[in-house]
Amino acid sequence: MILEFERPVKELEARIADLHRLAGPSAELQGEISRLEDALESAKRRIYSNLSPYQRVQVARHPDRPNFRAYRDALADDFYELSGDRAHGEDPAVRGGFARLSRSGHNVMLIGHDKGADVKSRVKGNFGMAHPEGYRKVRRLYELAGRFGMPIVTLVDTPGAFAGRQAEERGQAWAISEDLMALARSPVPVICMVIGEGGSGGALAMCAGDYVGMLENSYLSVIAPEACASIIFRDPGRAAEAAAAMKITARDLKEQKIVDEVLPEPLGGAHNEPDAAIEAVGETLGLVLSELSDVDPQTLMKTRYERYRRIGAHAAAGQDPALS
Amino acid sequence: MILEFERPVKELEARIADLHRLAGPSAELQGEISRLEDALESAKRRIYSNLSPYQRVQVARHPDRPNFRAYRDALADDFYELSGDRAHGEDPAVRGGFARLSRSGHNVMLIGHDKGADVKSRVKGNFGMAHPEGYRKVRRLYELAGRFGMPIVTLVDTPGAFAGRQAEERGQAWAISEDLMALARSPVPVICMVIGEGGSGGALAMCAGDYVGMLENSYLSVIAPEACASIIFRDPGRAAEAAAAMKITARDLKEQKIVDEVLPEPLGGAHNEPDAAIEAVGETLGLVLSELSDVDPQTLMKTRYERYRRIGAHAAAGQDPALS
Amino acid sequence: MHRRREYSRSVPETESGLGPMDSVFTKCEKCGQPVYEKDLRARFNVCPHCEFHYPLSAPERVRLLLDAGSFEERDRGLVAADLLGFEGYAEKVEAARKKTGLDDAVLSGAGEIGGRRVAFAAMDFRFIGGSMGSVVGERVARAIEMAYADGLPLVIVSASGGARMFEGVYSLMQMAKTSVALSRYMEGSWPYVSVLTDPTFGGVTASFATAADVVIAEPGARIGFAGARVIEGTTKERLPEGFQTAEFQREHGMADRIVHRLALKGDLERLLGFVA
Amino acid sequence: MHRRREYSRSVPETESGLGPMDSVFTKCEKCGQPVYEKDLRARFNVCPHCEFHYPLSAPERVRLLLDAGSFEERDRGLVAADLLGFEGYAEKVEAARKKTGLDDAVLSGAGEIGGRRVAFAAMDFRFIGGSMGSVVGERVARAIEMAYADGLPLVIVSASGGARMFEGVYSLMQMAKTSVALSRYMEGSWPYVSVLTDPTFGGVTASFATAADVVIAEPGARIGFAGARVIEGTTKERLPEGFQTAEFQREHGMADRIVHRLALKGDLERLLGFVA
Ligand SMILES: [Zn+2]
Ligand SMILES: [Zn+2]
């Protein structure tokens, strides 16, 4: 899939490839090729370093973007998957289990939204939108991690909670709330990485911890930009505006002090160079884990309390608007 | 409904009533009436004090036997019912809530199997056989009681766990196991009263506590006598034999030190004089609650541990069979 | 078939919740019967004919549930800061403040219910659809912290259409904020009672409103995460009659009790008599 | 249609589980292919053609899962006391003891898995259908207590047709006994791994076998509370294909993993590497 704003880059790439083919071993077209390569480089830099918030949303949604499976396979020596909520079902939209990180050797409870690898697994995993049994499995895994003193690492990548009949029948609001409560009282480090989409309460159920990192082109939003536009502007076509207005990019959120760190992506986005993006996440994970591993549970929970307790955009009446 | 062995009694009662009608105000038939009344009294005594185990099972199952609703209404000033397992459903087969006992004034978490009052409510409550959501509601109430330091009182009256497809699909074994685990770690007094049927794991999920009382004609069994007979004797008709062999009556279980107390029923069984049976249970409840209310959580849990830890019919090889 | 109410229609424009302030009587949207405004008001917006529960404002909720004169409002004067500069938000807040006389979509403080002191918060759907922004999150969190510090039972009455999108991710984070506060409170053994009223959706339902010891819902109240119209739009599925009503939620195990509004104070008094 | 196996047919009469002890080869009940007894034995009763998992005896389970030579049996010599004098029970126990060489339907003790010391128990379906009587309850409880006292991971392999009716309520009470022991153990932070094999039903499933941190099931194993035939008899409902299989239970959220028997030791080693 080629995104609209990627088109100039892709066209240049195609032309360069054509010329290479035409030129063969001869040096005749080398001048032209060099010229185009320079143009490509500067087009990339121009386009990708000025992505609008909504363009970043599109990058975050790119089907070739490395997803949970890619991170799991690349970052963990071993992933011992656990399943089931012990009450209703097993939800493939979200996966979790014990993982040994190959880089740092840390044992963690690794949990992530699974957007799948192909049409079949995407459908099966409901495109990364969990059902209540998924949230309940996650809570079970949070509690297991706590029981074994093992840090929790979440990889967030979901369009959001699922607007579906069965999800409501089985109480998704209750299930999400239980996840948030479980995270609040977890005695182990909770490390959250937004690797793609961070949509609504569905994302938050896995994105409230002691460290929250976001890849440069990921987003975290209370509602999908399209839905926001259709409610507030009464026009889903104004999604780009809504995305900008809600300040949902990694950099915006770093500025709002809601996330700790923006992890840079390779030029062109993680889908253009998956290994580099995964490597960046893995490296950061190792550093954060090392830092948080020594913190005692009481301090962890107290710090986490204060972290979330302070987030808000409110002020005493008549005073300057400022973070409380 | 008249049970087979009640027939002589019922016949005598009917004849006495007839004579009363015939005699009217005259004294002519008084002699005959007196004679029959003596016969009735001795028939009652003879029959009811020698009930076989299986006859007691039939008394325990009698449709007119006072059930959860009767106890709740008679013993509690106020019953604040709570519902739902917060995951799947509300199971009317088992009810629970905060109750204030009128006699002793104790606040308790009162939980019981509800066999219903009429055909409709009996069917709705699945004849007192819980589904997994029922066991899960019960666990929630156990935990609430623990949270508020409120004693748990259970009224056990179920034919057993339900042999049904949906009960299996939703994991009734898992749900029962969670109830047992929750009872084991409950920091409050757990008082169980078997008021009718105590069938299998369905009963045990509400019948493992610091005090277990049984009404004289209630039973507690690992399997329904009919099912036992059909498996072991390959003949469901030999249920009476199975009932006797499994030693499932209140007195048997008192002897086996599995229950603490046998609560006597009015002559003819609780269904003949519901108020008296209910009163007996209420009085005992008050006494037991007063006794256990002062015990600290650690002692309660330790004593409960030892209580269940020691129950068993095993011996070191070559030694006299005896309770370990 | 039961006509599905639109949120916009059931937003009470007046204290009584129906009709313009100066009208003497109005027509019940549910049963079509004529209703005197003063009767409706006397019954806290419950139709005297069909017992339909209309939304109730937060101040009326205080009058309904707390012992007369016992309410002490806390944290008055906290207002939305519009840190994102979201187009039109400041005006919206200003208009809602004027209309309701409230700072935001929640009223919170301490009070008594049947002589028992409680920490109390009630949301108000008239204020931008009861949406949860930073002020709602902050006042709810402070009410929880007061309950924790003073060892009080906690009673929260919710009514919310969902998130306050104008506050972006700040709005989302109020779920985490209220959850950390509540999680600490629930380590103690004071009771938390949540009352769900029409409508309660979105982030409120997915955080503090459902994590209670006892969940009470008003009859007919629509409660859920995603709204019915959104679900029908997404899945093209026709939803069954009564979907997401209080009764539906109770049947699905999500609520303990359905309690008529006029019986609610008595019900809370009974409950607190057991656990407070 | 998949033919439903009868318990009686799948009771292994020999170590290998199929056919009389002296036969050289037998026919797989599942796929019909001829199988050499020694092949079956080498594969721990998994058919080399169709991978069907036949029941495995407790001693073979020890051989399968524990490091060679590491098993130390505990509580040998505990036997059923027949306190009820149930007709035929004493003879049944005696016959089962002779047939299996075991004291009762469980083998328990300490051992090592991949060099890690664990408390271990394995049930044996050959012994009166793996029914849970007092000896099973007592030995399982003692294994749990040993794990608690010594701070060891706990691994229990279940196989049970249900309760030991011959022991009446004593049998039922083993559920409570194992649950109190397990509840105390689970307050610590050692892992409990439950392995469910064909068949696991009744009181075992409704007590210790499901209350684990990690639940592993063997492929195709039938697991539940009430057996399929009982349910069909009670409800007259035709049960769907695959009802109560390990795969069914995993799909319903009840088990973490389905693990092939020949991969089970490796799987446990991986797991213990994380949590032991
Ligand atoms: Zn009306
Ligand atoms: Zn085969």
Side-chain angles (χ1 to χ4, degrees), chain A residues 161-165 167-178 180-185 198 200-201 203-205 207-208 220-223 227-228 231-232 241-242 245-248 252-253 256 258 301 304-318 320-324, chain C residues 77-84 86-88 103 133-135 137-138 141 162-177 179-184 186-187 201-203 205-211 223-226 230-231 233-235 237 239-240 243-244 249 252-254:
Chain A
F162 184 57
R165 172 181 162 174
E168 293 293 323
E169 285 175 349
R170 301 201 287 269
Q172 68 177 330
W174 281 254
I176 291 171
S177 169
E178 285 173 13
L180 292 173
M181 296 285 282
L183 282 180
R185 66 172 178 261
S200 87
L204 191 68
C207 194
L220 180 61
S221 180
V222 67
I223 187 170
C228 175
I231 295 170
I232 300 219
E241 247 174 281
M246 289 194 296
K247 304 262 198 313
I248 62 181
D252 288 330
L253 293 168
Q256 295 171 34
I258 287 171
M301 287 187 277
R304 200 182 302 140
Y305 189 97
E306 285 157 5
R307 175 193 181 104
Y308 286 96
R309 188 59 193 79
R310 72 164 173 74
I311 300 178
H314 52 81
D320 274 352
L323 286 179
S324 70
Chain C
L78 277 187
V79 293
D82 191 23
L83 290 185
L84 307 189
F86 199 108
E87 179 195 331
D103 288 336
S134 299
V135 176
E138 183 67 21
R164 182 83 51 95
M165 291 167 244
F166 309 96
E167 294 188 17
V169 183
Y170 286 116
S171 163
L172 182 67
M173 289 296 152
Q174 303 313 305
M175 294 170 65
K177 176 192 280 186
S179 293
V180 293
L182 197 52
S183 174
R184 193 178 66 171
M186 302 288 274
E187 282 164 21
F201 281 90
T205 326
S207 62
F208 64 86
T210 50
I223 302 155
F225 186 70
V230 175
I231 296 169
T234 307
T235 63
E237 194 184 0
L239 294 168
F243 184 71
Q244 290 184 328
Q249 295 296 2
H252 282 85
M254 305 300 164

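Proteins get letters first, then strands, A, B, ... in listed order; numbering begins at 1 in each. What you see is a predicted model, and the numbers here were worked out from it, not measured in a lab.
- Closest non-hydrogen pair, A/G201 versus C/L172, comes out as N-CD1, 3.8 Å.
- Taking every heavy atom of both residues into account, C/L83 and A/G312 meet most closely at CD1-O, 4.4 Å.
- Neither the backbone nor the side chain of C/R164 comes within contact range of chain A; no heavy atoms are under 4.5 Å apart.
- Considering only residues two or more places apart in sequence or on other chains, A/E168 meets the side chain to side chain donor-acceptor pair (under 3.5 Å) condition with A/Q172, C/Q244.
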Please assess C/V169 against A/K247 for the test side chain to side chain contact (heavy atoms under 4.5 Å, CB included), listing each intermediate value before the final yes or no. CA-CA 8 Å; C/V169 183; A/K247 304 262 198 313; over 6 Å; no
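- When all heavy atoms of C/Q174 and A/I311 are compared, the pair lying nearest together is NE2-O, 3.2 Å.
- We find the CE-CD distance between A/M301 and C/E187 to be 7.0 Å, quoted to the nearest 0.5 Å.
- In this structure A/R304 satisfies the side chain to side chain donor-acceptor pair (under 3.5 Å) test together with A/D210, sequence neighbours excluded.
- Counted within 6.0 Å of CD on C/E237, heavy atoms from surrounding residues, nucleotides or ligands total more than 12; the atom is thus considered enclosed.
- For chain C, no part of A/E178 is nearby; none of its heavy atoms comes within less than 4.5 Å.
- A distance of 11.5 Å separates SG of A/C207 from CE of C/M175, quoted to the nearest 0.5 Å.
- For the set C/G168, C/A206, C/A226, C/G253, the entry with the most heavy-atom pairs within less than 4.5 Å of chain A is C/A206.
- Closest non-hydrogen pair, C/T205 versus A/A173, comes out as CG2-CB, 3.5 Å.
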Verify side chain to side chain contact (heavy atoms under 4.5 Å, CB included) between C/M186 and A/R185, making sure each step is shown before the conclusion. CA-CA 10 Å; C/M186 302 288 274; A/R185 66 172 178 261; over 6 Å; no
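- Considering only heavy atoms from C-beta on, C/L84 comes within 4.5 Å of A/Q256 through its side chain.
- Of the listed residues C/V135, C/I223, C/L182, the one with more heavy-atom pairs under 4.5 angstrom with chain A than any other is C/L182.
- Shown here for C/S179 and A/L180, the closest heavy-atom pair between the two residues is OG-CB, 3.4 Å.
- A salt bridge is defined here as a Lys NZ or Arg NE, NH1 or NH2 lying under 4.0 Å from an Asp or Glu carboxylate O, and A/R310 with C/E138 fails to meet this definition.
- Proximity of A/R165 to C/P240: side-chain heavy atoms (C-beta onward) are separated by under 4.5 Å at one or more points.
- With contacts defined as side-chain heavy-atom distances shorter than 4.5 Å, the pair C/M165/A/I232 qualifies.
- When each of A/G164, A/A208, A/A205 is checked for heavy-atom pairs under 4.5 Å with chain C, A/G164 comes out on top.
- Only the side chain of A/L253 comes within contact range of chain C, with heavy atoms under 4.5 Å apart.
- Heavy atoms closer than 4.5 Å to chain C are found in the side chain of A/I231, but not in its backbone.
- The most heavy-atom pairs under 4.5 Å with chain A, out of C/G233, C/G203, C/A176, come from C/A176.
- For chain C, the nearby part of A/R170 is the backbone; its heavy atoms alone come within less than 4.5 Å.
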For C/M173 and A/I258, what are the C-alpha separation, side-chain angles and deciding distance, and is it a side chain to side chain contact (heavy atoms under 4.5 Å, CB included)? CA-CA 8 Å; C/M173 289 296 152; A/I258 287 171; 3.7 Å; yes
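- Nearest approach of C/H252 to A/E169, heavy atoms of both residues: CD2-O, 3.2 Å.
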